[in-house]
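Worksheet for the structure shown next.
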Number of protein chains: 2
Amino acid sequence: MVKRGLNRDRLVEIAHEYVAANGLDALTMRRLASAAEVTPGALYKHLKDRRDLQRAMSDAVYATIDLTDIDTDTPTVAQVITCCERMRAAMLTFRDGGRIVAGSYSPFAATLALSGTLMRLLQGVVQPPFHPGDIQSALRSYTTGFVIEEQAYLELERTGEWEPLVTALTAHFPRANRTGDTISIMTGERDRRFTAGLTAILTGTVRPDPTPQ
Amino acid sequence: MVKRGLNRDRLVEIAHEYVAANGLDALTMRRLASAAEVTPGALYKHLKDRRDLQRAMSDAVYATIDLTDIDTDTPTVAQVITCCERMRAAMLTFRDGGRIVAGSYSPFAATLALSGTLMRLLQGVVQPPFHPGDIQSALRSYTTGFVIEEQAYLELERTGEWEPLVTALTAHFPRANRTGDTISIMTGERDRRFTAGLTAILTGTVRPDPTPQ
DNA sequence: ACCTGAACACCGTTCAAGT
DNA sequence: ACCTGAACACCGTTCAAGT
């Protein structure tokens with residue numbers, strides 16, 4: 001009788017390791033079981049079903065976001081941007097992190113902490129006629145959408161499907177030149193473009209931070 | 001020997017009908033085959049595999065977007081908003097439309113038409129220091145992310161999981177009151193909130209349309 | 001309380017054979 | 001060219017039985 005030490009959190013950890021190595025589509029309950037060196041049936045003592053697994057994986061992604069250094073008592077636009085960048089970073093550290101979060105049908109469970117601090121910051125900087133709730137929603141939707149797109153690109157790049165796809169598309173749509181803005185969206189400078197989007201949302205909707213002289 | 005009339009497009013149509021009735025997670029190749037009144041093996045004459053099916057379904061979503069009345073020669077902010085609202089509407093008309101698009105790993109195939117007109121419009125209205133490509137990317141990411149979140153809510157509502165989830169969350173997080181901005185994000189006024197997000201992105205980044213006197 | 005073994009009703013995909 | 005029938009190697013989930 002071995003001390004197994006197997007539990008829900010450890011299972012979620014193993015699941016993320018498996019996805020990191022093989023991608024989300026390759027993850028099955030049976031393969032998770034064998035990765036955990038356990039029989040398939042044993043999983044169901046810790047997880048309700050496959051959906052429950054993905055929800056738990058989604059929560060684990062958000063749990064890596066550290067917000068302890070965010071000071072909600074002195075709200076700044078810079079801190080708002082930091083929150084969103086950490087949200088993106090959290091999803092990016094997990095392969096298929098965007099799809100895991102988006103497909104979990106659990107848009108709130110662990111996101112509440114992030115949503116809360118974001119709201120408190122925005123309440124201090126958003127200016128009329130805009131509402132903090134709308135801006136918070138927009139920032140979260142944008143971030144999720146952005147990461148899903150960039151991870152889609154990363155997956156295609158990984159499997160070598162990206163190049164053929166682009167050449168096929170440029171053949172069919174001559175106007176979409178590879179270096180132009182339409183296709184090159186993903187190829188480079190993803191960090192810069194992400195922050196540019198954040199700035200676009202915040203410009204005109206928030207009171208700018210006082211520039212330290 | 002019956003004239004079957006079965007082809008790729010018809011198969012994609014049947015797939016969307018099946019998803020509309022049963023949800024994306026219930027769609028399998030075998031069930032698609034039986035809905036098409038055909039043997040499972042027959043599918044593979046029209047579809048490469050399951051991934052190919054989802055990519056084709058994603059293309060079908062974008063194909064419903066009508067942009068013929070958009071005049072790219074006289075670009076306006078109003079037309080930019082119309083494009084994004086049509087993109088959202090297209091995804092919303094298909095159950096799980098957001099997940100289908102997001103999970104297809106095909107962010108470009110049929111989106112190129114939309115991306116192109118959006119780019120041409122933005123080139124006429126975006127003002128420095130912002131770049132049309134960045135704003136286009138931001139608008140698309142935001143729209144995709146927004147629809148995924150609202151359809152996640154719609155699915156939970158459909159299955160009756162929404163109410164228990166909210167009551168469980170409010171018990172754990174007393175600060176997230178149901179009528180407050182954190183949780184009520186989805187419950188109502190989704191149209192208004194979507195447009196508010198678009199406006200947030202565009203305010204400060206584009207030259208406003210001349211107001212007709 | 002946690003795990004195994006075995007079973008059940010499914011999957012996706014391939015391929016010779018038919019028409 | 002398109003479809004069937006049958007097969008292969010898998011799935012998710014349940015549950016009596018063991019420890």
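Letters A, B, ... are given to chains in the order of the sequence lines, protein chains preceding strands, and every chain is numbered from 1.
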Next item on the list: Side chain of P40(A) only, please: which of dT4(D), dT13(D), dC3(C) is the nearest?
Entry: dT13(D)
Margin query: So if I take residues 43-50 of chain A and measure heavy-atom distances to DNA chain D, which residues fall below 4.0 Å?
Written below: Y44(A), D49(A), R50(A)
Item checked: Sidechain N-carboxylate O distance under 4.0 Å for R51(B), E161(A) -> yes
Margin query: Check this for me: does any side-chain nitrogen of one of D59(A) and R8(A) sit under 4.0 Å from a carboxylate oxygen of the other?
Written below: no
Margin query: Check whether F194(A) forms a cation-pi arrangement with R88(A) (NZ or CZ under 6.0 Å from the six-membered ring centre, at most 45° off the ring normal).
Written below: yes
Next item on the list: Send over the distance from L11(B) CG to dC2(D) P, rounded to a whole Å.
Entry: 12 Å
Check: Over how many whole Å does the gap from R8(A) atom CZ to dC2(C) atom P extend?
Finding: 13 Å
4.5 Å side-chain heavy-atom contact, [X] and [Y]:
X       : Y       : result
H131(B) : V126(B) : no
S115(A) : Q136(A) : yes
F130(A) : T199(B) : yes
M87(A)  : L118(A) : no
K45(B)  : L11(B)  : no

Notebook entry, point to check: What parts of residues 25-32 of chain B reach DNA chain C, counting only heavy atoms under 4.0 Å away?
Noted result: T28(B), M29(B), R30(B), R31(B)
Next item on the list: Runs of at least three consecutive Watson-Crick or G-U pairs, both distances under 3.5 Å, are what I'm after; which ones involve DNA chain C?
Entry: C:4-8 with D:12-16, C:12-16 with D:4-8
Next item on the list: Over all heavy atoms of both residues, which pair between H16(B) and M57(B) is shortest? Give the atoms and the distance, please.
Entry: NE2-O, 3.0 Å
Item checked: Least distance between heavy atoms, I148(B) atom then A102(A) atom -> CG2-CB, 3.7 Å
